[in-house]
Amino acid sequence: MSQKEWIEKDYYAVLGVDKSASAADIKKAYRKLAQKYHPDANQGDAKSEDKFKEVSAAYDVLSDPKQKEEYDRIREMVAAGGFRAGGPGGFGGFGGFGGQGGSRVRVDNINDIFGSGGFGDLFGDLFGNSGGAASGFGGARAMRGQDLETETSLSFEEALEGVQVELYLTEPNGTPRTIKARIPAGVTDGARIKLAGKGAAGENGGPRGDLYVKVRVRPHKFFGRKNKDLTLSLPVTFAEAALGAQIDVPTLNGGPVKLKIPAGTSSGKTFRVKGKGVPSGKDKGDLLVTVQVAVPERLNREAKNLIERLAELEPQSPRAALEELIEGGKASNG
């Protein structure tokens with residue numbers, strides 16, 4: 001995350017919390033907004049997708065104590081008028097260094113405010129130097145670190161509820177590194193998550209690059225997912241479908257629920273069980289149960305005789321309309 005963006009954006013306002021908000025309050029606000037603007041719940045809505053990214057970026061900074069502390073220092077300077085991100089050149093300057101009014105800052109205190117990178121880190125971001133900016137006013141250039149990519153595999157439940165994972169990385173120089181990362185609730189298979197400032201280390205005090213995590217979600221043995229709804233295929237016998245039945249249906253988190261199958265239910269019919277979908281947040285979605293009539297592969301003699309008798313008693317063919325079409329075609333061809 002660039003420090004230029006930190007200057008321009010009030011992440012507390014993005015999440016709708018006060019600066020004094022606790023870590024728990026920040027997390028609660030993030031989860032509420034992430035759920036509201038998640039791409040799965042707003043498919044094709046570019047504005048919601050941008051809002052989701054903005055909310056995620058804000059939480060990435062405010063949930064990390066070290067980044068939050070640095071962000072707060074920069075925002076305090078903005079509030080005090082020490083420098084501004086506006087103006088024709090995109091940078092209003094420090095008081096006494098091209099800015100008009102505002103607080104004056106001693107040059108030898110800059111590192112105390114912005115860390116060891118001083119002007120090099122800050123100016124590199126402000127002026128958009130892709131390769132880094134000069135450290136101070138001369139000497140070695142501060143180079144931004146490389147972006148890195150890795151993958152993580154989650155269970156079906158972890159993807160729905162969100163989870164903290166350990167990622168094992170190797171720096172370009174071969175040094176191994178382990179970091180903990182938060183995967184947000186509701187992530188889908190194939191999603192690519194950006195972790196700002198978690199990539200390779202920079203050179204000469206330059207900032208770290210970003211880390212991109214590709215998520216693989218392992219399928220569940222029974223449940224599937226359709227946005228906020230869960231799906232389940234429910235095998236039933238011919239007798240249950242024909243005569244009707246009450247069947248215990250499992251849910252992902254919690255005990256089973258009873259589902260009433262009306263008499264004469266066809267294979268492929270889907271029933272909706274309210275509130276038993278994705279188990280996170282206030283709007284949990286529903287459980288979509290699709291009935292599949294199971295046809296026995298083998299029949300004993302008695303069962304076979306009974307089914308043959310049922311076939312004889314069948315009032316009409318279920319293919320009557322198709323048979324009329326066939327007969328009509330024969331007549332026209334005759």
Side-chain angles (χ1 to χ4, degrees), residues 1-31 33-34 53-80 82-83 85 105 109-126 132-133 135-136 142-150 152 162-173 175-184 193-213:
M1 186 65 59
S2 70
Q3 289 172 318
K4 178 183 178 182
E5 187 168 330
W6 287 10
I7 294 171
E8 294 175 343
K9 291 196 174 182
D10 183 347
Y11 286 148
Y12 293 101
V14 170
L15 295 182
V17 298
D18 295 330
K19 184 179 177 182
S20 60
S22 65
D25 289 337
I26 291 173
K27 182 176 182 180
K28 182 179 179 181
Y30 162 73
R31 288 178 69 90
L33 292 172
K53 291 178 180 177
E54 184 181 32
V55 167
S56 297
Y59 184 70
D60 283 340
V61 173
L62 298 185
S63 64
D64 183 321
K66 186 175 180 181
Q67 289 196 75
K68 182 177 182 296
E69 182 181 359
E70 183 179 354
Y71 173 75
D72 287 343
R73 284 200 301 267
I74 292 176
R75 294 295 300 178
E76 286 172 4
M77 286 296 302
V78 173
F83 59 83
V105 181
N109 288 338
I110 292 298
N111 284 351
D112 293 335
I113 298 173
F114 297 107
S116 60
F119 280 115
D121 285 347
L122 178 61
F123 287 4
D125 282 333
L126 289 173
S135 178
M143 304 292 289
R144 179 182 181 275
Q146 295 181 22
D147 291 341
L148 300 179
E149 292 205 18
T150 190
T152 189
V163 67
Q164 183 170 277
V165 298
E166 282 194 347
L167 301 173
Y168 303 94
L169 310 174
T170 302
E171 296 277 356
N173 62 5
T175 303
R177 180 163 60 100
T178 302
I179 67 169
K180 291 183 178 180
R182 179 194 50 78
I183 305 298
I193 299 174
K194 176 183 175 180
L195 301 178
K198 300 296 184 181
E203 297 180 13
N204 303 318
R208 283 188 175 273
D210 299 329
L211 173 63
Y212 293 88
V213 183

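Computed from a predicted structure; not experimentally measured.
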CD (E149) with more than 12 external heavy atoms under 6.0 Å: yes
Neighbour count >12 (heavy atoms, 6.0 Å) for atom NZ, K27: no
Once you round to the nearest 0.5 Å, how far does [atom1] of [X] lie from [atom2] of [Y]?
X: L195; Y: R208; atom1: CG; atom2: CZ; answer: 12.5 Å
X: D18; Y: D25; atom1: CG; atom2: CG; answer: 9.0 Å
X: K194; Y: Y212; atom1: NZ; atom2: OH; answer: 4.5 Å
X: E171; Y: R177; atom1: CD; atom2: CZ; answer: 4.5 Å
X: L15; Y: E54; atom1: CG; atom2: CD; answer: 9.0 Å

N173 versus T175, side-chain donor and acceptor atoms under 3.5 Å: yes
Side-chain donor-acceptor pair present, D72, Y12, cut-off under 3.5 Å: yes
Contacts of type ring-ring contact (aromatic ring centres under 6.0 Å, His included), residue Y71, not counting sequence neighbours: W6, Y11
Ion pair check, E70 and R75, cut-off under 4.0 Å: no
Note: K19-E76 ion pair, threshold 4.0 Å (strictly below): yes
Polar side-chain atom of D210 near backbone of D147 as donor-acceptor pair, under 3.5 Å: no
Sole candidate of L211, L148, I183 that passes side-chain contact (heavy atoms from CB on, under 4.5 Å) when paired with L167: L211
For R182, salt bridge (charged side-chain N to carboxylate O under 4.0 Å, His left out) partners two or more places apart: D60
Shortest non-hydrogen separation from V55 to A34 and the atoms involved: CG1-N, 4.3 Å
Least distance between heavy atoms, A142 atom then G205 atom: CB-C, 4.3 Å
Close side-chain approach of [X] to [Y], heavy-atom, < 4.5 Å:
X: K198; Y: D64; result: yes
X: P184; Y: I193; result: yes
X: S63; Y: Y30; result: no

